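Here's the structure, in structure tokens; my notes come after.
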Amino acid sequence: MNILVVGGAGYVGSHAVRRLIGAGHCVWIYDNLSRGHRGAVPEGRLIEGEVADGPRLIEVMKEHRIDAVMHFAAYALVNESVVDPAMYYRNNVIATLELLDAMRQAKVERFVFSSTTATYGEPGLSPIPETTPQQPINPYGFTKLVIERALADYAAAYGFAYAALRYFNAAGADPAGDIGEDHDPESHLIPIVLQVALGQREQVTIFGEDYPTADGTCVRDYIHVCDLADAHLLALERLQPGRGLCLNLGTGRGTSVREIIESCRRVTGHPIPASIGPRRAGDPPELVADSRRAKEELGWVPQFTEVDEIVSTAWRWHRDHPRGYPN
Ligand code: UFG
């Protein structure tokens with residue numbers, strides 16, 4: 001297929017691009033490089049453009065005879081969405097609706113969408129199946145839920161075929177070591193802990209140790225970014241007109257903040273000083289996926305099951321690229 005990967009120069013997108021190319025698809029990357037990196041995508045495949053630019057998207061889809069679109073171009077920081085919700089609604093909702101309209105005009109009806117565990121809010125059950133009511137507690141989660149709802153309506157009315165993939169905590173890097181996570185500023189746990197190991201930060205602050213979890217710190221389901229990439233490829237192959245697939249992508253295993261720090265100590269051999277700080281607003285105590293539906297629907301089985309394996313791939317990337325991508 002000819003696939004347009006919108007936001008393909010970002011963290012998850014760039015890993016999906018590699019997987020799609022590996023499977024023999026013809027991939028074009030559409031990205032404005034506001035958060036993505038030129039160095040994350042193969043030479044000659046990048047089209048620079050804005051998601052909100054409908055006419056340009058129509059032109060690109062027609063010129064390259066696009067069969068399917070994967071959409072990774074979104075802002076994805078909970079805190080930032082609380083501080084500047086307008087930016088989130090504009091980029092994650094309005095621009096995405098422009099993209100969907102452009103697809104209709106260009107007669108492209110296959111769509112794989114990056115959704116999130118943040119659409120569930122604080123579900124209070126673990127693991128979380130897809131049938132859990134979606135009640136987001138921040139603007140980021142709402143913006144993703146709005147698009148999930150739009151997609152269900154577009155599938156019913158226009159025959160769209162789509163998958164909404166609800167990621168838990170994307171982590172790790174391609175074991176080849178040449179693409180990985182590079183956010184500025186960085187707010188995610190594993191890269192921050194590894195930056196301590198590299199001497200770029202003095203210590204990591206644990207945001208709260210009074211949660212109702214085994215060791216008092218928050219529990220998350222860390223899923224390797226290459227496993228996410230595999231799920232995108234499998235979802236693309238299973239798309240059916242008029243039908244939507246909403247799937248959790250996680251390992252089903254919870255890991256606490258303390259356990260992540262311990263894993264980083266083992267993998268890097270660095271002591272990694274840590275201190276306890278207050279809770280971060282909006283952090284649910286525990287988010288662990290029930291991913292049985294993805295296994296049943298896609299035959300998807302995560303390959304990276306041990307946290308140390310995930311952290312090792314992230315460490316390789318950060319150690320070899322201490323300043324991230326050159327551009
Ligand atoms: N944490 C710390 N110290 C840090 C950074 C993070 O203790 O310096 C903790 C957080 O409080 C949280 C855990 O580490 O408990 C993981 O935090 P991340 O920021 O790495 O990831 P989140 O779980 O907050 O975010 C992820 C995705 C978001 C998504 C969110 C849904 O990155 O896109 O899950 O809850 F919205």
Side-chain angles (χ1 to χ4, degrees), residues 7 10-13 35 72-83 85 88 91-92 113-124 126 128 132 134-145 147-148 165-172 181-183 185-197 200-225 228 248-251 254-264 272-289 307 310-311 314 318:
Y11 172 42
V12 183
R35 300 208 169 174
F72 298 90
Y75 296 141
L77 298 176
V78 168
N79 254 348
E80 188 179 61
S81 80
V82 174
V83 174
Y88 273 67
N91 190 52
N92 294 4
F113 176 61
S114 302
S115 190
T116 170
T117 176
T119 59
Y120 294 115
E122 293 204 33
S126 187
I128 303 165
T132 309
Q134 289 172 289
Q135 294 169 331
I137 55 167
N138 52 57
Y140 169 57
F142 268 107
T143 62
K144 291 287 181 173
L145 183 55
I147 298 301
E148 280 202 21
L165 304 180
R166 298 177 189 154
Y167 310 163
F168 281 63
N169 286 57
E181 192 166 9
D182 179 3
H183 301 117
E186 187 52 78
S187 67
H188 295 96
L189 180 64
I190 293 176
I192 284 178
V193 179
L194 295 178
Q195 286 170 356
V196 178
Q200 296 174 345
R201 293 174 191 254
E202 283 187 5
Q203 52 120 46
V204 54
T205 304
I206 297 173
F207 297 147
E209 59 164 356
D210 58 349
Y211 284 96
T213 58
D215 68 13
T217 66
C218 284
V219 169
R220 296 287 181 271
D221 185 338
Y222 295 87
I223 175 75
H224 198 278
V225 66
L228 292 180
N248 285 341
L249 298 179
T251 62
T255 306
S256 72
V257 174
R258 277 191 207 283
E259 287 169 332
I260 288 291
I261 297 171
E262 277 309 324
S263 169
C264 292
I272 309 185
S275 67
I276 308 297
R279 289 182 176 199
R280 186 173 68 176
D283 275 343
E286 178 161 339
L287 294 170
V288 175
V307 173
I310 296 178
V311 168
H318 286 284

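This structure is a prediction, so every number in the text was calculated from the model and none was measured. In listed order, ligands and their atoms are each counted from 1.
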Which value, rounded to the nearest 0.5 Å, describes the distance between [X] atom [atom1] and [Y] atom [atom2]?
X	Y	atom1	atom2	answer
L249	S115	CG	OG	10.0 Å
H224	T251	NE2	OG1	12.5 Å
N79	D283	CG	CG	8.0 Å
L287	R220	CG	CZ	4.5 Å
L228	L165	CG	CG	8.5 Å
I190	Q195	CD1	CD	12.5 Å

Of N169, L77, V193, which is the lone residue that meets side chain to side chain contact (heavy atoms under 4.5 Å, CB included) with H188?
L77
Residue and atom name of the nearest protein heavy atom (relative to [atom]), distance in Å to one decimal:
atom	value
atom 11 (O) of ligand 1	D283 OD2, 2.6 Å
atom 3 (N) of ligand 1	T205 O, 2.8 Å
atom 24 (O) of ligand 1	R280 NH2, 2.6 Å
atom 31 (C) of ligand 1	T117 CG2, 3.6 Å
atom 15 (O) of ligand 1	C218 CB, 2.9 Å
atom 35 (O) of ligand 1	L287 CD1, 3.4 Å
atom 36 (F) of ligand 1	Y140 CE2, 2.8 Å
atom 9 (C) of ligand 1	V257 CG2, 3.7 Å

CA sep, side-chain torsions, deciding dist, call: Y88, N138, side chain to side chain donor-acceptor pair (under 3.5 Å)
CA-CA 11 Å; Y88 273 67; N138 52 57; over 6 Å; no
Structural part of P284 in contact with ligand 1, heavy atom criterion under 4.0 angstrom
neither
Below 4.0 Å, non-hydrogen atoms only: which portion of R220 touches ligand 1? Side chain, backbone, both or neither.
side chain
Find all atoms of ligand 1 within a distance of less than 4.0 Å from any non-hydrogen atom belonging to [X], and give their numbers and elements.
X	answer
S187	5 (C), 19 (O)
V78	36 (F)
I192	8 (O)
I206	7 (O)

Can an N or O of [X] be found at a distance shorter than 3.5 Å from an N or O of ligand 1?
X	value
L189	yes
H188	yes
N169	yes
A76	yes
Y222	no
F207	yes

What heavy-atom pair brings [X] and [Y] nearest, and what distance separates the two atoms?
X	Y	value
V288	G254	CG2-CA, 3.6 Å
A74	K144	CB-NZ, 3.4 Å
D215	S256	OD2-OG, 2.6 Å

Checking E286 against T213 for the side chain to side chain donor-acceptor pair (under 3.5 Å) test, could you report, in this order, the C-alpha distance in whole Å, the side-chain angles of both residues, the deciding distance, and whether it holds?
CA-CA 8 Å; E286 178 161 339; T213 58; over 6 Å; no
Test item: side-chain donor near acceptor, S81 and Y75, under 3.5 Å
no
Is the closest heavy atom of Y211 to ligand 1 under 4.0 Å?
no
